[in-house]
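Written below as structure tokens is the structure these notes are about.
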Number of protein chains: 2
Amino acid sequence: MPSRKTNPEFMTGVPELLILRLLTEREMYGYEIVQAIEAATGEAIKVGEGVVYPILHALEEQGCLSSRKKPVNGRTRVYYAATATGKKRLGLLMGEWQRITEAVGAVVKGTKHANA
Amino acid sequence: MPSRKTNPEFMTGVPELLILRLLTEREMYGYEIVQAIEAATGEAIKVGEGVVYPILHALEEQGCLSSRKKPVNGRTRVYYAATATGKKRLGLLMGEWQRITEAVGAVVKGTKHANA
DNA sequence: ACTCATTACCTCGTAGTTCAAGGTATAATG
DNA sequence: CATTATACCTTGAACTACGAGGTAATGAGT
């Protein structure tokens, strides 16, 4: 029942994580982020603009990102950068991500580690 | 905007993957799967019955699972097992899972591997 | 000049998912 | 006799990714 073309499964929250991660290194604009994700994942993950822009706006509204407009060759780019709040949120998401991936990995390999 | 109580993020498709994986090892019934996932992931992932049962029904309808009713102590259990189709689907999902996790991992650690 | 691809921003509707809460019924426990 | 555990199930709400579409400006090709 997935029947999606690009990234069929396992994508909830991933775009937000990637965007937040990229914007802690350097400031970028939306259109740039779309291509940066494609490049950084070696074509493995492609997120459209319809995914990126709404996340950018939501994160800014939450105080996770700051933005500034910059005119380049007559066109206007909106550059985003992660704030302190955004970095805190990124830490949370990375922890969540690790928790989930480790748990899934444990089940996929039938490792019955009886801990705790 | 997560504001979810149990597993806030990164959970799309994961229940289906785990269920399919468990049912390739031995046949299980719904209520058992709920607890098996909790146990196998060391409490890291908890999926409710409201998640498990619909997936079970959908997978059976797709031919990924076979079911048989078994009365135990007056109660009726519905045991599910993965079919050949189900195992094929599991292979697909595991491949997808690996692709996504590797891609995300590469971005999280700023590994700029210029390949291809 | 004219056309087309690229850059760069954006919104909307649809589909698919998880989740909590609730509903039914039997067996075991106190 | 009441409560918990077993065991099945459905439903409504909330969220998210996705594709398609819309607006403009720039640059290249012809």
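Within every chain, numbering begins at 1; the chains are lettered A, B, ... in the order of the sequence lines, protein sequences first and strands thereafter.
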Classify the ring geometry of B:Tyr29 against B:Tyr79: parallel below 30°, tilted from 30° to 60°, perpendicular beyond 60°.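 Judged by the thresholds at 30° and 60°, the geometry between B:Tyr29 and B:Tyr79 is perpendicular.
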Is the ring pair A:Trp97/B:Phe10 parallel, tilted or perpendicular, if the boundaries are 30 and 60 degrees?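 Rings of A:Trp97 and B:Phe10: perpendicular, over 60°.
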Of the candidate nucleotides [options], which contains the atom at the shortest distance from the side chain of [X]?
{"X": "B:Tyr31", "options": "C:dT18, D:dC9, D:dA7", "answer": "D:dA7"}
{"X": "B:Arg77", "options": "C:dC10, C:dT7, D:dC8", "answer": "D:dC8"}
{"X": "B:Glu49", "options": "D:dT6, C:dA28, D:dC9", "answer": "D:dC9"}

For A:Thr76 and for A:Gly50, find the nucleotide of DNA chain C with the closest heavy atom, then tell me which residue's nucleotide is more 5'.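 First, find each residue's nearest nucleotide; the 5'-ward one identifies A:Thr76.
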In whole Å, I'd like the distance from the [atom1] atom of [X] to the [atom2] atom of [N].
{"X": "B:Leu17", "N": "C:dT18", "atom1": "CG", "atom2": "P", "result": "11 Å"}
{"X": "B:Met11", "N": "C:dA20", "atom1": "CE", "atom2": "C1'", "result": "14 Å"}
{"X": "B:Glu60", "N": "D:dC8", "atom1": "CD", "atom2": "C1'", "result": "14 Å"}
{"X": "A:Asn73", "N": "D:dA28", "atom1": "CG", "atom2": "P", "result": "11 Å"}
{"X": "A:Leu56", "N": "C:dT11", "atom1": "CG", "atom2": "P", "result": "11 Å"}
{"X": "B:Ile55", "N": "D:dT11", "atom1": "CD1", "atom2": "C1'", "result": "16 Å"}
{"X": "B:Glu61", "N": "D:dC9", "atom1": "CD", "atom2": "P", "result": "13 Å"}

Would you say a side-chain N or O of [X] is under 4.0 Å from OP1 or OP2 of [N]?
{"X": "A:Tyr29", "N": "C:dA8", "answer": "yes"}
{"X": "A:His57", "N": "C:dT11", "answer": "yes"}
{"X": "A:Arg75", "N": "D:dT26", "answer": "no"}
{"X": "B:Tyr53", "N": "D:dC9", "answer": "no"}

Which part of the nucleic acid does A:Val78 contact within heavy-atom distance under 4.0 Å: base, sugar-phosphate only, or nothing?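 Sugar-phosphate contact only.
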So does A:Glu32 pair up with A:Arg77, basic N to acidic O under 4.0 Å?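 A salt bridge is absent here (no side-chain N lies under 4.0 Å from a carboxylate O).
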Tell me whether B:Glu38 at atom CD has more than 12 heavy atoms from other residues, nucleotides or ligands lying less than 6.0 Å away.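 Counting other residues, nucleotides and ligands, CD of B:Glu38 exceeds 12 neighbours.
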Report the C-alpha separation of B:Lys46 and B:Ile37 in whole Å, then their side-chain angles, then the decisive distance to 0.1 Å, and conclude whether the side chain to side chain contact (heavy atoms under 4.5 Å, CB included) test is met. CA-CA 7 Å; B:Lys46 301 185 187 186; B:Ile37 289 177; over 6 Å; no
